Amino acid sequence: MTDAITTTRRSTAETDPLLDDLTTPQRDAVTHVEGPLLVLAGAGSGKTRVITRRIAHLILRVGIAPWQVAAITFTNKAAGEMRDRVTQLMSERQARALTVCTYHSLCARIIRAHAEPLGLTPGYSIYDTSDQKAAVKSALKSLDLSAGNFPPATVLATISNAKNELIDADEFTKTAFDFYSKSVARVYAKYQSVLKKNNALDFDDLLIKMVELLRDHTEVAAALRDRYQYVLIDEYQDTNHAQFMIAHALTGGPDSSQNICVTGDPDQSIYAWRGANIRNILEFESHYPAARTIRLEQNYRSTKRILAVADTLIKHNRKRRDKDLWTQNDQGDHVALVKCYNERHEAQWLVDRLTELNQQEDLAWGAMAVFYRVNSLSRVIEDALREARVPYQIARGTAFYERQEIKDSIAFLRIIANPNDEVSLARIINTPARGISDRSVKAMQAYALAHDVTMAAVVAQPAQVPALNTRAVNSIERFHKMVNAWRVQAGLAPSSVCADAGEHEPTLRFFVQQMLRESGLEQYYRKDTADPGEERIMNLGELVSSAQQFEDELERETQEMPTFTEKLMGYLEQVSLVSDVDAIDDNQGAVTLMTLHAAKGLEFPAIVMAGVEDGLLPHARSQDDDDAIEEERRLFFVGMTRAMRNLMLTFTRERTVFGQTLPAIPSRFLRELPTEHVDTRDLSDAFDPYGEFDEEDNDLMTPRAARRADALRQVDEIPPGTMVRHPSFGLGRVIAVNNVGSQTRARVEFNTAGVKTLVLQYARLERVSP
DNA sequence: GGTGTCGCTGTTTTT
DNA sequence: CAGCGACACC
């Protein structure tokens with residue numbers, strides 16, 4: 001974010017450095033103190049600057065205590081940036097007392113402090129997507145449902161949607177009528193009981209438990225309302241129902257402060273799929289009748305041309321309140337629209353262009369970014385950047401924690417903090433191998449189920465399980481002793497030897513290092529022949545550094561010295577709540593690659609958006625739904641408005657997806673752009689697609705060309721009655737063909753899979769009969 | 001008890 | 001073209 005804002009100066013007798021360089025509406029937003037405030041901030045209108053100044057104004061000019069102010073953002077990166085910028089305006093001590101964090105980490109922290117009344121312990125686990133999948137699989141198994149008929153990912157999506165609406169398993173059951181949703185309802189209920197037994201919450205539960213806390217525990221709610229007198233919420237257009245309930249419970253009731261300030265832009269709402277409810281921002285004034293609304297419509301970021309292109313696009317959304325976004329910035333260059341041959345050509349063009357900007361226009365690598373709709377597009381671009389030796393970074397913060405060796409390590413730490421976490425226990429009870437076979441684990445699980453005790457209790461006393469042989473019992477006892485020793489050291493279990501063992505608390509760094517050694521993980525990965533580069537060992541080293549870094553930061557940020565358990569639980573919480581953009585370091589001096597979703601809230605002088613094609617943007621999964629198409633359009637709008645000076649859009653003639661090369665169709669949104677500001681170039685003929693192949697691969701040309709011709713012919717002639725074959729649905733008969741926009745769709749009645757509507761472009765249909 | 005291979009499936013965006 | 005589960009083999 002740049003701080004250089006062109007100002008409309010207002011001459012006042014006295015000047016205030018907090019207000020001096022602000023426009024009238026910005027200043028109004030900053031100086032508004034009591035009562036609800038809605039700031040409708042268009043893209044690039046200096047929103048972050050307004051929020052930070054407002055916080056500083058509340059504290060330095062109005063005299064509000066910093067600990068009474070909470071600012072809630074969407075990502076940790078945004079929170080970190082906000083905290084940094086606020087810190088520059090006040091003393092470090094004041095800034096430290098502020099609450100600046102994401103919804104999820106705020107909830108996680110408050111839940112930890114009030115774990116008992118919620119039926120949890122402070123060491124509760126936060127389950128990420130893969131832990132959730134494991135929990136769903138275990139639920140499916142105990143209900144005797146197959147993971148094949150109920151793909152965990154799909155079931156989880158349904159459950160998550162319900163949770164976002166605060167619909168619990170009971171209520172979900174009431175609305176389930178068909179077999180599938182009835183089954184999902186049973187899985188939902190079982191999944192929740194698995195989580196409960198494991199002393200674990202998923203991401204959605206963090207919000208739900210917070211709602212529960214504020215609703216059912218009146219003293220706690222009163223204390224929280226009393227503490228957070230001034231609440232600011234960023235990106236309000238992307239809040240879901242649960243998040244609204246939390247904000248409203250803190251600020252909206254009759255006993256509440258009403259001091260809520262939300263900022264957002266309905267045109268940048270891009271998370272409806274995740275339960276975000278755009279009505280929260282549209283109906284703010286009815287939720288808070290006393291609300292004042294301020295509009296920030298002057299853009300300080302982009303050139304006139306970029307803004308005109310983005311504005312023309314977004315005006316195609318029908319469900320939209322019109323607004324005027326304007327700028328005093330230069331006219332600027334045309335937006336470039338480039339047609340390439342395929343994704344490799346696209347990547348090559350983009351790397352050449354960025355290099356040109358770097359060398360000829362002296363633009364730093366860090367000033368450039370590449371956006372795409374889906375993560376899978378990054379690979380080819382990464383390859384091209386690497387080959388050209390252009391430094392780049394990729395917004396994939398969660399990737400590190402998805403690695404096997406890191407998940408193993410985290411599972412050990414979780415087991416220490418939360419003995420009931422059976423998902424983590426299952427992961428590491430025999431990793432590295434310590435003589436506890438699958439059979440033994442199954443026997444323990446069966447015993448636990450039959451005697452209604454926890455796995456943790458069985459692990460503590462394995463001798464009581466008759467099905468276990470002596471060797472297995474010994475191995476389990478050794479495992480339990482090891483974990484228990486760590487717990488004692490962490491102050492989480494009483495010491496049997498000396499009473500004051502807790503006096504010398506280890507550092508988190510030392511503790512993690514020791515765990516890696518004593519668990520055998522380090523040794524195990526060191527000997528791993530599949531890891532010749534010792535990448536995994538390096539990752540374990542990185543994990544130790546991250547623990548130390550967390551420890552250092554925590555000690556710097558809190559007034560009192562945190563205890564070891566606080567450090568451990570805080571670390572586990574942080575690790576569970578990382579987001580992809582958190583990996584981005586603004587001072588890396590590298591080109592940044594990220595999805596359009598991750599780009600929200602950022603800005604770059606030069607941006608390339610790759611893969612602007614139908615099926616990608618708008619995404620194929622959005623094509624049947626008008627609301628979804630509008631969201632895709634907003635996504636495009638968000639991407640474009642991140643650009644300050646240079647905006648380049650690329651699409652291809654053909655693209656290889658899932659190993660299949662298909663003709664690509666330019667995005668329908670491209671037709672909505674104003675031609676006078678767009679410079680279109682077709683480079684697809686200037687690329688020799690066969691230049692990619694070595695001589696001996698030349699015979700690949702024929703089938704490839706033939707396949708392309710095939711795909712095209714299908715679109716033309718597939719009259720009703722034609723028998724076709726689909727790779728997964730099998731044989732079927734075409735019952736109707738129609739054109740929707742640029743797409744041909746066919747309704748096909750399959751012998752076994754029923755009637756499906758397929759987009760010919762993407763469905764790999766094969767003609768069987770004439 | 002650990003490792004390798006085969007074949008299947010599911011492929012958006014994320015706290 | 002993944003990543004996973006099931007299975008067989010060492």
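None of the values given here were measured: they were computed from a predicted structure.
Computed from coordinates, the Arg396(A) CZ to dT15(B) P distance equals 9 Å when rounded to whole Å. Protein atom CD1 of Ile208(A) is 13 Å distant from nucleotide atom C1' of dT15(B), rounded to whole Å. Rounded to a whole Å, the CD1 atom of Ile270(A) is 9 Å from the P atom of dT14(B). Rounded to an integer number of Å, the gap from Arg373(A) CZ to dT14(B) P is 9 Å. Atom-to-atom, CG of Asp238(A) to P of dT15(B) comes out at 12 Å; the value is rounded to the nearest Å. Taking atom CZ of residue Phe150(A) and atom P of nucleotide dT9(B), one finds them 16 Å apart after rounding to whole Å. Distance, Gln404(A) CD to dC4(C) P: 10 Å, rounded to whole Å. Between the P atom of dT14(B) and the CD atom of Gln243(A) lies a distance of 16 Å, rounded to the nearest Å.
Contact annotation for Phe74(A): backbone-only contact, meaning every heavy-atom pair under 4.0 Å involves sugar-phosphate atoms and none involves a base. Residue-level contact check: Asn375(A) touches the backbone only, with heavy atoms under 4.0 Å from sugar-phosphate atoms and none from bases.
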Problem - Stepwise ring-ring contact (aromatic ring centres under 6.0 Å, His included) check, Tyr271(A) with His597(A) - result: CA-CA 8 Å; Tyr271(A) 282 103; His597(A) 283 89; 5.2 Å; yes
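Which of dT15(B), dT11(B), dT14(B) sits closest to the side chain of Thr154(A) comes down to dT11(B). Which of dT11(B), dT15(B), dT13(B) sits closest to the side chain of His104(A) comes down to dT15(B). When each of dT12(B), dT14(B), dT15(B) is scored by its nearest atom to the side-chain atoms of Phe203(A), the top-ranked nucleotide is dT15(B).
Relative to the six-membered ring of Phe74(A), Lys600(A) meets both conditions, a distance below 6.0 Å and an angle of at most 45° to the axis.
Of the side-chain N and O atoms in Arg379(A), one or more sit less than 4.0 angstrom from OP1 or OP2 of dA2(C). For dT15(B), the OP1/OP2 oxygens have no side-chain nitrogen or oxygen of Thr398(A) closer than 4.0 Å. For dT14(B), the OP1/OP2 oxygens have no side-chain nitrogen or oxygen of Ser579(A) closer than 4.0 Å.
Every residue two or more places apart in sequence or in another chain was checked for a ring pair (Phe, Tyr, Trp, His ring centres under 6.0 Å) with Tyr124(A), and none qualifies. Contacts of His345(A) classified as ring pair (Phe, Tyr, Trp, His ring centres under 6.0 Å), with partners at least two apart in sequence or in another chain: Phe687(A). Applying the side-chain contact (heavy atoms from CB on, under 4.5 Å) rule to Arg279(A) yields the partners Asn277(A), Glu283(A); only residues at least two apart in sequence or on another chain are considered. Residues satisfying the ring pair (Phe, Tyr, Trp, His ring centres under 6.0 Å) criterion with Phe203(A), sequence neighbours excluded, are absent altogether. With sequence neighbours excluded, no residue forms a salt bridge (charged side-chain N to carboxylate O under 4.0 Å, His left out) with Asp582(A).
Taking the nucleotide of DNA chain B with the nearest heavy atom to each of Ser440(A) and Glu631(A), the more 5' of the two is matched to Ser440(A). Remark on DNA chain B: of its neighbouring residues Val581(A) and Arg434(A), the 5'-side contact belongs to Arg434(A), judged by nearest-heavy-atom nucleotide.
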Distances under 3.5 Å between nitrogen or oxygen atoms of protein and nucleotides 5-9 of chain C:
from: dG5(C); atom 1: OP1; to: Lys137(A); atom 2: NZ; distance (Å): 3.0

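The pair Glu630(A)-Arg320(A) does not meet the salt-bridge criterion, since no charged nitrogen lies less than 4.0 angstrom from a carboxylate oxygen.
Ring-base stacking between His597(A) and dT13(B) is not satisfied when judged by a centre separation under 5.5 Å and a plane angle under 30°.
Nucleotides dT13(B) and dC4(C) are separated by 16 Å at their P atoms, to the nearest Å.
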